[in-house]
Amino acid sequence: MRTSSRGKIGSAIAIHLENVSKSFGDFPAVRNLSMEVNRGEIIGFLGLNGAGKTTTIKMLLSLLRPSSGSIHMLGSKVDAGNYKLWERVGYLEEATFYPELTVTENLDIARRMHLLSDRNSIARVIQQLDLGAHQDKQAKRLSLGNKQRLGLAKAMLHNPEVLILDEPINGLDPASVVEIRELLLDLSRNRGVTILISSHLLEELSKLVDRIGIMHRGQLIQDMKMNQLEQSLQKSLMLDGRNRGALMRILTEQGYSYAEAADGRLVLAEGSAIAQPEKLAELLVRTGQPPTHLSVVTEDLEGYFLRMIRTAGRKQA
Amino acid sequence: MKLLSLIHNEARKIGRSVVFWVMLAVFTVLPLMIAVFNSSAANWEAYFADLLGSIGSLLVVGFSFTSAWVFGMEYTNNTLKDMLVKPVPKSYSVLAKFIVIALWNTGIAVFTFAVIAGAGTVIGVSGGSLSTILTICWPFMAASLLIMLVSTTSALFANLTRGYLAPIGITFVIVIVSNVVVQLGYGLYFPWTIPVLLLTGAELDFISMIVLAATGIAGFAGTVAWWRFAEHK
């Protein structure tokens, strides 16, 4: 196994990407991506289709070679020849299996590929992923959700230190989503497993990850901790009344700027209005236009994500 | 131990597949049909002499298919990545596949010979003894081994084209080209016709052996190199 000369890569940092770029012909799929993921951390990868998430994951798995830059994982350089690294890394890039073989047989193939002598590892992941009722079923006869569970079971069979998961909760029902979320949280919190996860299910991702990275057109446009993200979410004040025209006149006279939402309600983005909505309520009551609706709304992750990629799109244009 | 574990995996994939039973059916029905069409042979030597050219061509197609399928199905099932991102050298994974292909093909060759010998007995081919049949069996098995050697190229084609359909198409083209090559008198220098000519009693020269060895090495080394160095989008 090749070990990086940089000590910090071998210690607290589980995944380290340094100026990684990947082009297919003239098309730059990933551009100058630099990122560090600490051990035990769960990082979520967000991005539209074609943003470069899957290309990045394939480079992390050595299925693609970076055009430039370097990738280290658990202190080792990621390279197609560095096969020993995969003793410590599990992945789910897409749920794949041998369709004619049963769940147990598929897991046994993965166990043998990992050179694990312990046959109990199969029973353990079957139990962890709740596949007991399906263990003798041919993989092709599984539901989409159970195929996904089989993929996760294969990824977790060898108790990896790093899990790389591309859309792991696709096709799962709501109860299964919660179950898998709790399983991944347990792996991270109690066993120190580092998890890099990409998903389109933004709200679900926000319940799971410690950090979030947003990719857009091959670039990492945002990389922040979830508690920082909460501070970055835009707040706005939604306002409505019986006479919207009168409300607009009062707001203009008092120096508030506003916009009209699609449903006709007024949206105020000013800090003073959001910080002290009661003052605005008082003012409207005093002027004979008491509000019928007044609420401070925090942007959701989806809204934040769309705002970020719109901003990045404008900058790149 | 490492290699045995991988061989076990590959054998299980083949043994549990529908393709295994389809191949068994094909190599029962087609040799029987070929044998029945040659039922007028006077003795065992004549019987096998009539059959072996056709059987050789059948083995060329069959062995190309097994080689292409064992590698190509990893692409059609999208399981290739499951084999690449594992803590075993890629050369071991490729070697395990080739060993299992060789075992499967050997089984097919023995089974095919048994079918045509059994058909000859039922048809009533006369004048034979066990030693006569064994005298024919050894060159048949040697030719089968040479066909396995050139079939490594089908494995390479399966990897290059990321599936098993293209190499099957290429094999049929090769069979057609082989007929032309033999007609032109260059059969001893074309990898896919050399084993069939050996079956029909031709003497192989040194260049034929070099051509066979080079083809086998190209197929094997090319496949290992592909697994080690190719990118997988």
Side-chain angles (χ1 to χ4, degrees), chain A residues 1 22 24 29 54-55 57-67 73 78-102 104-117 138-140 147 150-151 154-155 157-158 160 164 166, chain B residues 1-24 69-97 99-100 159 162-164 223-233:
Chain A
M1 190 190 305
K22 178 68 187 174
F24 298 108
T54 301
T55 301
I57 285 177
K58 283 182 191 266
M59 286 193 286
L60 283 167
L61 297 174
S62 77
L63 295 169
L64 292 173
R65 269 187 303 278
S67 305
M73 217 187 297
V78 175
D79 178 84
N82 186 12
Y83 60 88
K84 286 269 186 192
L85 175 60
W86 311 123
E87 283 174 0
R88 304 163 71 195
V89 178
Y91 80 99
L92 169 66
E93 205 241 325
E94 59 185 309
T96 54
F97 46 80
Y98 297 99
E100 311 287 342
L101 302 186
T102 66
T104 306
E105 287 169 337
N106 268 286
L107 289 169
D108 193 48
I109 285 195
R111 180 186 70 82
R112 287 170 181 276
M113 289 295 293
H114 276 290
L115 310 174
L116 298 174
S117 53
Q138 280 183 313
K140 66 181 176 187
K147 284 174 183 166
L150 174 57
K154 279 161 61 185
L157 193 64
H158 55 302
I164 296 172
D166 197 1
Chain B
M1 178 63 196
K2 203 184 279 186
L3 192 58
L4 278 178
S5 215
L6 301 182
I7 289 171
H8 183 281
N9 274 354
E10 296 309 321
R12 180 182 259 171
K13 290 177 204 172
I14 294 170
R16 296 294 309 276
S17 70
V18 176
V19 168
F20 178 80
W21 298 104
V22 170
M23 289 299 282
L24 199 63
W69 183 80
V70 166
F71 282 90
M73 61 98 170
E74 301 288 357
Y75 292 91
T76 48
N77 289 335
N78 276 329
T79 42
L80 184 76
K81 281 169 267 181
D82 287 352
M83 299 201 71
L84 295 174
V85 190
K86 287 289 184 291
V88 285
K90 287 157 183 87
S91 54
Y92 275 52
S93 301
V94 174
L95 184 61
K97 279 190 178 289
I99 288 172
V100 173
N159 283 289
R162 298 175 195 271
Y164 52 82
T223 305
V224 172
W226 176 263
W227 275 50
R228 171 65 181 80
F229 298 108
E231 293 199 298
H232 302 276
K233 289 182 189 174

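Bear in mind the structure is a predicted one, so any value in this text is a computation, not a measurement.
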Student: Salt-bridge test for B:Arg16 and A:Glu100: reply yes if a basic N is under 4.0 Å from a carboxylate O, no otherwise.
Tutor: no
Student: Which atoms of A:Lys140 come close to chain B, meaning under 4.5 Å heavy atom to heavy atom: side chain ones, backbone ones, both, or neither?
Tutor: neither
Student: Non-hydrogen atoms of chain A under 4.5 Å away: do they reach the side chain of B:Met83, the backbone, both or neither?
Tutor: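 Contact with chain A is through both the backbone and side chain of B:Met83.
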Student: Any donor-acceptor pair under 3.5 Å linking the side-chain atoms of B:Asp82 with those of A:Tyr98?
Tutor: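 Per modelled atom types, A:Tyr98 and B:Asp82 side chains form no pair under 3.5 Å.
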Student: Please classify the contact between A:Glu105 and chain B as side chain, backbone, both or neither, with a heavy-atom cut-off of under 4.5 Å.
Tutor: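 Contact with chain B involves both backbone and side-chain atoms of A:Glu105.
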Student: For B:Lys90, which atoms come within 4.5 Å of any heavy atom of chain A: side chain, backbone, both, or neither?
Tutor: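 Answer is side chain: those atoms of B:Lys90 sit under 4.5 Å from chain A.
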Student: Please classify the contact between A:Phe97 and chain B as side chain, backbone, both or neither, with a heavy-atom cut-off of under 4.5 Å.
Tutor: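 When you check distances to chain B, only backbone atoms of A:Phe97 fall under 4.5 Å.
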Student: Using heavy-atom distances under 4.5 Å, tell me whether B:Glu74 contacts chain A through its side chain, its backbone, both, or neither.
Tutor: side chain
Student: Find out whether the Lys NZ or Arg CZ of B:Lys97 is both under 6.0 angstrom from the six-membered ring centre of B:Phe71 and within 45° of the ring's axis.
Tutor: yes
Student: Under 4.5 Å, counting heavy-atom pairs only, tell me which of A:Pro99, A:Ala110, A:Ser62 racks up the most with chain B.
Tutor: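 Looking at each option in turn, the highest pair count goes to A:Pro99.
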Student: Heavy-atom pairs under 4.5 Å with chain A: which of B:Thr79, B:Asn77, B:Leu84 has the most?
Tutor: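 Heavy-atom pairs under 4.5 Å are most numerous for B:Thr79.
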Student: Apply side-chain contact (heavy atoms from CB on, under 4.5 Å) to residues B:Lys81 and A:Thr96 and explain how you reach the verdict.
Tutor: CA-CA 9 Å; B:Lys81 281 169 267 181; A:Thr96 54; 5.9 Å; no
Student: Would you please say whether a donor-acceptor pair under 3.5 Å links the side chains of A:Asp166 and A:Tyr91?
Tutor: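 No donor-acceptor contact under 3.5 Å links the two side chains.
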Student: Just wondering, are more than 12 heavy atoms of other shown residues or ligands nearer than 6.0 Å to OH in B:Tyr92?
Tutor: no
